Number of protein chains: 2
Amino acid sequence: MPDPRRITSADVARRAGVSRATVSYVLNATPGQSISPATRDRVLQAAAGLGYAPSAAARTLRTGRSDVVLCLIPDWPIGNEMGNTLGNLSTALAREGLTFLAHPGSRDDRPIAEVWKAITPAAVLSFTDFSDDETEAMRAAGVALVVALLGRAGRHGRELEVPQTLIGRRQADHLSRTGHQRLGYAYPDDPRLQIFAEPRLAGARALAEPVVRTVPLDAARAAEAVAGWRADGVTGICAYNDEVALAVLAGARTLGLTTPADLAVIGVDDIPAARLAVPPLTTVTTDQGLLAAHLATTIVAAVGGRPAPSLSADELIRVVVRESG
Amino acid sequence: MPDPRRITSADVARRAGVSRATVSYVLNATPGQSISPATRDRVLQAAAGLGYAPSAAARTLRTGRSDVVLCLIPDWPIGNEMGNTLGNLSTALAREGLTFLAHPGSRDDRPIAEVWKAITPAAVLSFTDFSDDETEAMRAAGVALVVALLGRAGRHGRELEVPQTLIGRRQADHLSRTGHQRLGYAYPDDPRLQIFAEPRLAGARALAEPVVRTVPLDAARAAEAVAGWRADGVTGICAYNDEVALAVLAGARTLGLTTPADLAVIGVDDIPAARLAVPPLTTVTTDQGLLAAHLATTIVAAVGGRPAPSLSADELIRVVVRESG
DNA sequence: CTGTTAGCGCTTTCAT
DNA sequence: ATGAAAGCGCTAACAG
């Protein structure tokens, strides 16, 4: 027998000897309603006793808005670091009564409109920008916050932007301080990463005039790039991330170069492999816990109609100095 | 103005000059209903023209079941490879009209019952096992498929189990074939990974009697483990994954050992850093595309009440031979 | 302070 | 072959 009748608020009401309205008021702590502590307790008892869980569908249907925070995951590798952040974000939101749900898959497979129209989420997070029409449609449909984690500055939702620019800047800064005049930028091979790579590169450009070369994740082909940089007189490389940095290291090695004497390298992310590299990789990390907390606060504020808090990006990004640069 | 009235099936009906029931029949291709191609087309036109998207909430409320496949993501690092699989799974399910949604966060933060009772998903996937009570409750509530991606064999849902055991077996097999008599198993430091590590180790044990040592992701401490293995006469190491393998490599290097002459190493996953390692790492990969397709087929079958297909695990797991072993 | 009531948008008998 | 109507479980006016 498939459906032993779901427990509804009516069941709770009956057991507590009150009306369904009262149950609703108690469970939602509806403001502007004064419920006597006695009934309140009785309702809570009954609900707990029955193992009652409200139907999200019914509530959403009624209120026109769900408690879901929908996060659109792009089809490119988002990395363990970001995955970690999403986990933290999820727990932080749960504490606020919001359900974090991630939907992976490129926009082509399923029009994103289909997804959010179906879910009617309280907020939608995305890594990439939405078109203005899309944003407009979502807001019109009652989505409280529509925000792109990356995307051009100055747009709505800019508050949440992970300061990618700062990452590149920190890399260049570190290399400059350690005496490197001519810098190179190791750009990722995967075109899907461009959205991250561009702002990072821009950050490095703000401090230096790096020679940009694309570095595939392959020792032999990375070696070609490294040879090119050497010919240019480049002595320090800002890599898009740790994996690209590892490729640069491998390329330098096949050329018989010594790191960091001949070529210094700095990555991004501090993946486990970074500290195990030869030599151990200097890199830039983001404080994922802090980032998640800030995202959560912003979302909760927006859903509640309050203004977003601000976060000093400086404390978010840190250089981990090891031996490669 | 927040809510310019959502477009409902009534709007579509009006525009098409039919009743809401007919709209529903057309859009759901309800079997046992014969709709004239003419009206059918008119309804489809109207729906498309209005940009109609059905309300998941209303449909769920009515049918008592949503089209969501809920995947519970554990709080331990699940890795890029698995992330990739989930993306593929999502697109495969989308093609079948199912919405894949991932909920990260440990079970402690939010009782999982709260999540699934709210969503009433068509299926629930998890990496770890559910308790029998939990499983029972979910099935009773109408969840078509409850399945653990790992978890003891012989349970319901065993069909979906990623053959972790086979991974360890392949590693040991490869090392044996290349002439290694005494094997070691490099166990991960992070206790949360135990659920993956145990079956892998068991697989290796099926072929050999590996000396198990825990290897932290740190060259110095990994060196201690390596020294121990050397004293035991071990010449080949099966590592829990590529990161641990990288640590073993680093440990061997600090001891002045040569890989694979002094110590052969084989990892799991084929992360990008593996091919860039010194020396490039031999490893075992899972065909993520195949896995995702199989998961999707199984889920769709279960939701549709059909029996699950089977998958030969042999084609799923492959050894990538490089220089480390 | 608590109960009555009217839907939210959809599916699905049962009539026509 | 199509339509009318009854709710799914919940919330929010409005009464009492």
Side-chain angles (χ1 to χ4, degrees), chain A residues 2-44 46-47 50-67 97 117-120 122 141-142, chain B residues 2-43 46-47 50-67 97 117-120 141-142:
Chain A
D3 204 4
R5 286 231 342 106
R6 186 188 173 105
I7 293 158
T8 79
S9 82
D11 297 321
V12 178
R14 202 171 311 118
R15 196 197 234 231
V18 297
S19 80
R20 294 169 51 231
T22 307
V23 172
S24 174
Y25 291 142
V26 170
L27 265 36
N28 300 323
T30 310
Q33 292 288 337
S34 14
I35 307 283
S36 75
T39 35
R40 215 188 77 92
D41 277 5
R42 225 150 9 96
V43 170
L44 260 21
L50 292 171
Y52 169 72
S55 151
R59 175 189 268 132
T60 301
L61 182 56
R62 178 61 233 227
T63 62
R65 180 168 317 175
S66 74
D67 70 344
K117 279 189 187 176
I119 310 282
T120 51
Chain B
D3 203 4
R5 288 236 338 109
R6 188 191 172 104
I7 292 158
T8 79
S9 81
D11 297 321
V12 178
R14 201 171 313 117
R15 196 198 235 232
V18 298
S19 80
R20 294 169 54 229
T22 307
V23 172
S24 175
Y25 290 145
V26 171
L27 264 36
N28 300 321
T30 311
Q33 292 288 339
S34 16
I35 307 283
S36 76
T39 34
R40 216 188 76 92
D41 276 6
R42 226 149 11 94
V43 170
L50 294 171
Y52 169 72
S55 151
R59 175 188 268 132
T60 301
L61 182 55
R62 178 61 231 228
T63 62
R65 178 167 320 176
S66 75
D67 70 345
K117 279 190 186 175
I119 310 282
T120 50

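These numbers were taken from a predicted model, which means no experiment stands behind them. Lettering of chains follows the sequences in order, A, B, ..., and the numbering in each one begins at 1.
- One atom, CZ of A/Arg14, and another, C1' of D/dG9, lie 13 Å apart when rounded to the nearest Å.
- One atom, CG of B/Asp11, and another, P of C/dC8, lie 12 Å apart when rounded to the nearest Å.
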- Contact letters for nucleotides 11-16 of chain C, in which S counts primed atoms plus P, OP1 and OP2 and B counts the base, heavy atoms under 4.0 Å: BBB---

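- Although no hydrogens or angles enter the test, the distance criterion places a donor-acceptor pair under 3.5 Å between the side chain of B/Arg42 and the main chain of B/Ala16.
- Partners of A/Ser9 according to the side-chain hydrogen bond (donor to acceptor under 3.5 Å, both in side chains) rule, which considers only residues two or more places apart in sequence or in another chain, do not exist here.
- At least one side-chain nitrogen or oxygen of B/Thr39 sits closer than 4.0 Å to the OP1 or OP2 atom of D/dT2.
- Looking only at side-chain heavy atoms (C-beta outward), B/Val26 and B/Thr39 stay at 4.5 Å or farther from each other.
- Note on B/Ser19: a side-chain N or O is less than 4.0 Å away from OP1 or OP2 of D/dG3.
- For the pair B/Leu61 CG and D/dA6 P, the interatomic distance rounds to 17 Å; values are reported in whole Å.
- Side-chain contact check for A/Arg59 versus A/Asn28: some heavy-atom pair is nearer than 4.5 Å.
- As a whole-Å value, the separation of A/Arg65 CZ from D/dT11 P is 15 Å.
- Going from atom CG of B/Asp41 over to atom C1' of D/dT2 covers 17 Å, rounded to whole Å.
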- Could you walk me through whether A/Val43 and A/Arg40 pass the side chain to side chain contact (heavy atoms under 4.5 Å, CB included) test, one step at a time? CA-CA 5 Å; A/Val43 170; A/Arg40 215 188 77 92; 6.0 Å; no

- B/Ser66/B/Ile119 under side chain to side chain contact (heavy atoms under 4.5 Å, CB included): CA gap, chis, key distance, verdict: CA-CA 7 Å; B/Ser66 75; B/Ile119 310 282; 4.3 Å; yes

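- B/Arg40 has its CZ atom 12 Å from the P atom of D/dT2, to the nearest Å.
- What separates CG of A/Leu27 from P of D/dA12 is a distance of 13 Å, to the nearest Å.
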